[in-house]
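As structure tokens, the structure follows; a few thoughts come after it.
Everything quoted here is computed from the prediction, not taken from an experiment.
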Amino acid sequence: MNHLDLIRNYINAYNAYDVAGMTANLHNDIVFEHITNGEVVLSLEGLEAFRRQAEQAVRFFNQRKQSITSITEAADRVEVAVAYTAIAAMDLPNGLKAGDAIELEGQSIFRFAGDKVIRITDIG
């Protein structure tokens, strides 16, 4: 499976709330970071930490969808621009209330170790 297929499988699984599918092609030493306004707001290391966070996050939104808007391949990474829409399932600490809709644009940077994703950096 090539790197673009790994990314598409990950995003399709994310959209389907399929944590097992999201983690299927992640390296055991996966590093995940979410950056907002230039600050790291979430950082995880290891497959189990990623899985736990993903399982918790599925409860946060009634609907959620990432759509790829562009892909840029570089020597050591793939940068994916995404449009993100979601509807909050509950009141969240960031001020979103249950039923609130959000629409965001962001970027995810994927790095690889062989045929596994070893790092995901979400910026948005």
Are any side-chain N or O atoms of [X] and backbone N or O atoms of [Y], one a donor and one an acceptor, separated by less than 3.5 Å?
{"X": "K116", "Y": "I30", "value": "no"}
{"X": "N12", "Y": "R8", "value": "yes"}
{"X": "Y17", "Y": "N62", "value": "yes"}
{"X": "D91", "Y": "K97", "value": "no"}
{"X": "T23", "Y": "R51", "value": "no"}
{"X": "T69", "Y": "A83", "value": "no"}

Ring-face cation contact, F110 with R119, 6.0 Å cut, 45° max: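 The answer is no, since R119 fails at least one limit relative to F110.
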
So how far is it from [X] [atom1] to [Y] [atom2], rounded to the nearest 0.5 Å?
{"X": "N2", "Y": "D115", "atom1": "CG", "atom2": "CG", "answer": "11.5 Å"}
{"X": "I71", "Y": "S108", "atom1": "CD1", "atom2": "OG", "answer": "11.0 Å"}
{"X": "Y14", "Y": "M22", "atom1": "OH", "atom2": "CE", "answer": "7.0 Å"}
{"X": "R59", "Y": "M90", "atom1": "CZ", "atom2": "CE", "answer": "5.5 Å"}
{"X": "E105", "Y": "S67", "atom1": "CD", "atom2": "OG", "answer": "10.5 Å"}
{"X": "E33", "Y": "E39", "atom1": "CD", "atom2": "CD", "answer": "12.5 Å"}

Connected via hydrophobic side-chain network under 4.5 Å: V19 and I11: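 Both belong to a single hydrophobic cluster.
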
Cluster overlap I109 with L26, hydrophobic side-chain contacts below 4.5 Å: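 Not linked; separate clusters.
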
Got more than 12 heavy atoms from elsewhere within 6.0 Å of [atom1], [X]?
{"X": "Q56", "atom1": "CD", "result": "yes"}
{"X": "N37", "atom1": "CG", "result": "no"}
{"X": "Q53", "atom1": "CD", "result": "yes"}

Pair E55-R52, salt bridge (Lys or Arg N to Asp or Glu O under 4.0 Å): steps then yes or no: CA-CA 5 Å; E55 288 170 350; R52 279 193 309 269; over 6 Å; no

Is there a side-chain contact between [X] and [Y] in this structure, where contact means two heavy atoms from C-beta onward sitting under 4.5 Å apart?
{"X": "L96", "Y": "F60", "value": "no"}
{"X": "M1", "Y": "N25", "value": "yes"}
{"X": "L4", "Y": "E73", "value": "yes"}
{"X": "I120", "Y": "V31", "value": "no"}

Residue pair L104, V82: steps toward the side-chain contact (heavy atoms from CB on, under 4.5 Å) verdict: CA-CA 8 Å; L104 305 169; V82 295; over 6 Å; no

F61 and Y84 aromatic ring geometry - parallel, tilted or perpendicular at 30°/60° bounds: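 Ring orientation, 0 to 90° scale: perpendicular.
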
CA sep, side-chain torsions, deciding dist, call: T121, I123, side-chain contact (heavy atoms from CB on, under 4.5 Å): CA-CA 6 Å; T121 304; I123 303 167; 4.1 Å; yes

Option passing side chain to side chain contact (heavy atoms under 4.5 Å, CB included) with F112 (candidates R77, H27, H3):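 Among R77, H27, H3, the one meeting side chain to side chain contact (heavy atoms under 4.5 Å, CB included) with F112 is H3.
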
Qualifying residue, where the test is side chain to side chain contact (heavy atoms under 4.5 Å, CB included) with R64 and the options are I102, V58, T85, I87: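 By the side chain to side chain contact (heavy atoms under 4.5 Å, CB included) criterion, R64 pairs with just one of I102, V58, T85, I87: V58.
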
Verdict with reasoning, V78 to T72, per side-chain contact (heavy atoms from CB on, under 4.5 Å): CA-CA 6 Å; V78 177; T72 305; over 6 Å; no

Where L44 and A49 come nearest, the two heavy atoms and their spacing: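 So the minimum-distance heavy-atom pair works out to CD1-O, 4.0 Å.
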
For the student: nearest non-hydrogen atoms of A13 and G21, plus distance: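 A13 and G21 have their closest heavy atoms at CB-C, 3.5 Å.
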
Worked check of side-chain contact (heavy atoms from CB on, under 4.5 Å) between I35 and V41: CA-CA 6 Å; I35 300 171; V41 296; over 6 Å; no

